[in-house]
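Report on the structure given below.
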Amino acid sequence: MKGFKISCEERDFSLLAQAFEGEVDCDCTLCAEIIFVDEEEIKQLNARTRKVDAVTDVLSYPMLDCVPGQKICADDYPFDTDEEGNLFIGSVAICLKRAEEQAAEYGHSVEREVNYLAAHGLCHLLGYDHMTDEDKPAMRAAEERVLAKLNLVR
């Protein structure tokens, strides 16, 4: 993997980006964006894009149809690659209020919860899912590997 870039106006996710190195086989730098939204915004996004009228903690919007374990080649996505050869894989929206509530509920720091939600969202951008019992273990393992690299284990 050539690298991972995460753009976010509110926080620096460069350490999380580094923690994702080695998690995916690709021939280019992968780029993603993370935004923070309030409860009303995430509820509206959830209703509009998933038809779920409820506040949630994180939503992911992948640009590519990635398959975990399958190499990502920039040449396969010429319209999603910028002039420097970076490949945009999608966006993640995090509700900070829900992250704060969940951190208190689970008894860990807000930093850990925000990084978990960001890692969770980025895993979705990379093709991981948790909707079936067969998919869940691989996604959880990827999340935990990334968080362990940040010393943010449970």
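Between Glu23 and Arg145 a salt bridge is recorded (basic side-chain N to carboxylate O distance below 4.0 Å). Salt-bridge check for Lys43 with Glu40: failed, with every basic side-chain N at 4.0 Å or more from each acidic carboxylate O. A salt bridge is defined here as a Lys NZ or Arg NE, NH1 or NH2 lying under 4.0 Å from an Asp or Glu carboxylate O, and Glu100 with Lys97 fails to meet this definition.
One N or O on the side chain of Asn115 and one on the backbone of Glu111 form a donor-acceptor pair closer than 3.5 Å. Side chain of Asp80 to main chain of Leu87: no donor-acceptor pair is present (N/O by atom type, distance under 3.5 Å, no hydrogens or angles). Side chain of His108 to backbone of Arg112: no donor-acceptor contact under 3.5 angstrom is found. The backbone N or O of Val67 lies less than 3.5 Å from no partner atom in the side chain of Gln70, so there is not a single donor-acceptor pair. Lys149 contributes a side-chain N or O that, together with a main-chain N or O of Glu21, makes up a donor-acceptor pair within less than 3.5 Å.
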- Task: Check step by step if side-chain contact (heavy atoms from CB on, under 4.5 Å) holds for Ile72 and Val24.
- Result: CA-CA 8 Å; Ile72 300 172; Val24 63; 3.6 Å; yes
- Using the side-chain contact (heavy atoms from CB on, under 4.5 Å) rule, take Tyr128 and Leu122 through it: C-alpha gap first, then chi angles, then the decisive distance, then the call. CA-CA 9 Å; Tyr128 288 94; Leu122 293 168; over 6 Å; no
- Should Arg11 and Leu96 be marked as a side-chain contact (heavy atoms from CB on, under 4.5 Å) after you check the CA-CA gap, both sets of side-chain angles, and the distance that decides it? CA-CA 12 Å; Arg11 287 182 188 241; Leu96 188 55; 3.8 Å; yes
- Item | Worked verdict on Glu33 versus Ser91 for side-chain hydrogen bond (donor to acceptor under 3.5 Å, both in side chains) | CA-CA 5 Å; Glu33 71 172 344; Ser91 303; 2.5 Å; yes
- Task: Please assess Arg98 against Gln102 for the test side-chain hydrogen bond (donor to acceptor under 3.5 Å, both in side chains), listing each intermediate value before the final yes or no.
- Result: CA-CA 6 Å; Arg98 286 294 301 136; Gln102 289 172 180; 2.9 Å; yes
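A chain of hydrophobic side-chain contacts below 4.5 Å, direct or via other Ile, Leu, Val, Met, Phe, Trp or Tyr residues, connects Val110 to Ile6. No path of Ile, Leu, Val, Met, Phe, Trp and Tyr side chains, each step under 4.5 Å between heavy atoms, connects Leu45 with Ile34, placing them in separate hydrophobic clusters. Using a 4.5 Å cut-off between side-chain heavy atoms of Ile, Leu, Val, Met, Phe, Trp and Tyr, with links allowed through other members, Leu150 and Tyr116 fall into the same hydrophobic cluster. Leu30 is connected to Leu15 through a chain of hydrophobic side-chain contacts under 4.5 Å among Ile, Leu, Val, Met, Phe, Trp and Tyr, so both are in one cluster. There is no path of hydrophobic side-chain contacts, each under 4.5 Å, that joins Tyr61 to Tyr77.
The 12-atom threshold is exceeded at CD of Glu105, counting heavy atoms of other residues, nucleotides or ligands nearer than 6.0 Å.
Closest approach of Cys123 to Met139, counting heavy atoms only: CB-CE, 3.9 Å. Minimum heavy-atom separation, Glu10 to Ile35: OE1-CA, 4.5 Å.
The aromatic rings of His120 and His130 are tilted relative to each other, their planes meeting at an angle between 30° and 60°.
Taking CG of Leu125 as the reference point, atom SG of Cys31 lies at 12.0 Å (rounded to 0.5 Å). Expressed to the nearest 0.5 Å, how far CG of Asp76 lies from NZ of Lys71 amounts to 10.0 Å. In this structure, Leu117 CG and Cys95 SG are separated by 9.5 Å, a value rounded to the nearest 0.5 Å.
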